[in-house]
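Proteins come first, then strands; the chains are lettered A, B, ... in the order of their sequence lines, and each starts at number 1.
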There are 2 protein chains.
Amino acid sequence: MPHISLENDVPGIRSLVLFRPETGKHLYDLVQILLRGESTINEGDRELIAAYVSHRNNCSFCRNSHAAAARCLYENEQGIVNQVLSDPETASIPELLKSLLNIAGKVQIQGKAVLPQDIERARNAGANDRAIHDTVLIAATFSMFNRHVDGLDSFTPIDENLYNEMGMRMAKGYNFPVNNQVAHDIK
Amino acid sequence: MPHISLENDVPGIRSLVLFRPETGKHLYDLVQILLRGESTINEGDRELIAAYVSHRNNCSFCRNSHAAAARCLYENEQGIVNQVLSDPETASIPELLKSLLNIAGKVQIQGKAVLPQDIERARNAGANDRAIHDTVLIAATFSMFNRHVDGLDSFTPIDENLYNEMGMRMAKGYNFPVNNQVAHDIK
């Protein structure tokens, strides 16, 4: 049961943005730009970074929902999601994505854990400044979302089918539920 | 030296939002609502929560700048800032603020570290649902900012006077630098 009375029974972050839309709107706008805006990192890879950081932060709601979104976006390569959650270094993914996940994992620990050699590895694999910036900010942003969701003990479903449905909706984008109503095209 | 080429020499988070204004705008809007919007927690106390979380995350730029903003807002009670950074439980502050700082400190560790007894303590001291929600989100948000600033190794001045000047500007609010120009009324 959530630590505060949210006056709705939707799961995870959505319950919190409905409780406090003034802050929720900016959270949705931020994640829409980061995960769906123009980028050299494809949308599936960005969802995977979000799921990986959430996994490291022990936030099962964010891990399961963003892993489901990544599987949806990867289509025929869904198997890499569990491989990455288990260990990015041994997953069947390109070195560029491994190097970005390595940076995201360092950010999850703390900002100062990112070392020049972590950045150099990503550059050697082809990452530009924007990709490095966005990887750091995605990892930082999910370090926020994970704490927001779990710090208030928001409702975390256990039914895997619910996450698959969420993943399909999330793959289409993050639209803030306008006028405090629960829309059907958002997480 | 920052890990990426930011093409500006302003310090901390401001250098990052100028590099990537599409995400920066939402970061500023979020912090403006959280730290300056309507709340039962006064602005000095909210800045203090931000500084305390940043201190625990070892982010000296955010700690020093938000501590300076808190001192500016507290006026004649500036001494409590250093007391809280040292140990909130022994600081000369009301039990309500102590209980909120306790929750913020748990959120800094991870969301699931917040226990029902932490919430109960805050309620017994007079906190309502909104105050508890906002405390969790302020702590989560600064767990993001700290990682963003330090994960990219953005420029962190050491001159204390610069932070005092920042604090005075920040006390007036967080306005996004429009059109990518460095404004003089923002951090």
- Query: Taking atom CD of Glu89(B) as the centre, does the number of heavy atoms from other residues, nucleotides or ligands within less than 6.0 Å exceed 12?
  - Reply: yes
- Task: Specify which of Leu6(B), Asn128(B), Thr141(B), Thr135(B) makes the most heavy-atom pairs with chain A at under 4.5 Å.
- Result: Thr141(B)
- Shared ILVMFWY cluster between Tyr174(B) and Tyr163(B), side chains joined below 4.5 angstrom? yes
- Message: According to a hydrophobic-cluster definition based on side-chain heavy atoms being under 4.5 Å apart (Ile, Leu, Val, Met, Phe, Trp, Tyr only), do Val84(B) and Leu73(B) belong together?
- Response: no
- Item | Short side-chain to backbone donor-acceptor contact, Asp29(A) and His26(B), under 3.5 Å | no
- Query: Can you tell me how far CZ of Arg130(A) sits from CD1 of Ile4(B), rounded to the nearest 0.5 angstrom?
  - Reply: 10.0 Å
- Task: Look at the aromatic rings of His133(B) and Phe19(A) and report parallel, tilted or perpendicular, splitting at 30° and 60°.
- Result: tilted
- Query: So, do Leu115(A) and His3(B) sit near enough that their side-chain heavy atoms are less than 4.5 Å apart?
  - Reply: no
- Measure Arg123(B) against the heavy atoms of chain A and call it side chain, backbone, both or neither at under 4.5 Å. side chain
- For salt bridge (Lys or Arg N to Asp or Glu O under 4.0 Å), just list the numbers for Asp134(A) and Arg20(B), CA-CA rounded to whole Å, side-chain angles, deciding distance to a tenth of an Å, and then say yes or no. CA-CA 9 Å; Asp134(A) 283 10; Arg20(B) 181 86 155 102; 2.9 Å; yes
- Message: Shorter than 4.5 Å, heavy atoms on both sides: which option in Met1(B), Gln108(B), His148(B) has the most such pairs with chain A?
- Response: His148(B)
- Message: Is Glu120(A) close to chain B through its backbone or its side chain, or both, or neither, when contacts mean heavy atoms under 4.5 Å?
- Response: neither
- Side-chain heavy atoms under 4.5 angstrom apart, residues restricted to Ile, Leu, Val, Met, Phe, Trp, Tyr: same cluster for Ile80(A) and Ile49(A)? yes
- Would you indicate whether Lys25(A), at its atom NZ, is surrounded by more than 12 heavy atoms from other residues, nucleotides or ligands within a distance under 6.0 Å? no
- Look up atom CG in Leu137(B) and atom CG in Leu27(A), then write down how far apart they are to the nearest 0.5 Å. 6.0 Å
- Choice from Cys59(B), Gly111(B), Gly37(B) maximising heavy atom contacts with chain A below 4.5 Å: Gly111(B)
- Find out whether Leu16(B) and Val136(A) are in side-chain contact, i.e. whether some heavy atom of one side chain is under 4.5 Å from a heavy atom of the other. no
- Any chance CD of Glu160(A) has more than 12 other-residue heavy atoms, nucleotides or ligands included, within less than 6.0 Å? no
- Item | ILVMFWY cluster, Leu48(B) and Ile33(B) together (side-chain gap under 4.5 Å) | no
- Query: Just wondering, are more than 12 heavy atoms of other shown residues or ligands nearer than 6.0 Å to CG in Asp87(A)?
  - Reply: yes
- Item | Exam field: side chain Asp129(B) to backbone Ser5(A), donor-acceptor pair closer than 3.5 Å | yes
- Item | Check: Asn146(A) and Gln110(B) side chains under 4.5 Å, non-hydrogen atoms | no
- Between Leu34(A), Ile103(A), Asp118(A), Asn58(A), which has the largest tally of heavy atom pairs under 4.5 Å with chain B? Asn58(A)
- Query: Are Thr23(B) and Leu30(A) close enough, and set up right, to give a side chain to side chain contact (heavy atoms under 4.5 Å, CB included), and what steps lead you there?
  - Reply: CA-CA 6 Å; Thr23(B) 49; Leu30(A) 176 62; 4.1 Å; yes
- Main-chain N/O of Ile109(B) paired with Arg147(A) side-chain donor or acceptor, under 3.5 Å: yes
- Contact check, side chains of Val114(B) and Asp153(A), non-hydrogen atoms, under 4.5 Å: no
- Message: Taking side chain as everything from C-beta outward and backbone as N, CA, C, O, which of these in Ile119(B) sits under 4.5 Å from a heavy atom of chain A? Side chain, backbone, both or neither.
- Response: side chain
- Given a strict heavy-atom distance threshold of 4.5 Å, which part of Glu7(A) is in contact with chain B: side chain, backbone, both, or neither? neither
- Query: So if you build clusters from Ile, Leu, Val, Met, Phe, Trp, Tyr with side-chain heavy-atom gaps below 4.5 Å, do Val53(B) and Tyr74(B) land together?
  - Reply: yes
- For the pair Lys112(A) (side chain) and Gly151(B) (backbone), establish whether a donor and an acceptor sit closer than 3.5 Å, ignoring hydrogens and angles. no
- Decide if atom CG of Asn161(A) counts as having more than 12 heavy atoms of other residues, nucleotides or ligands within a radius under 6.0 Å. yes
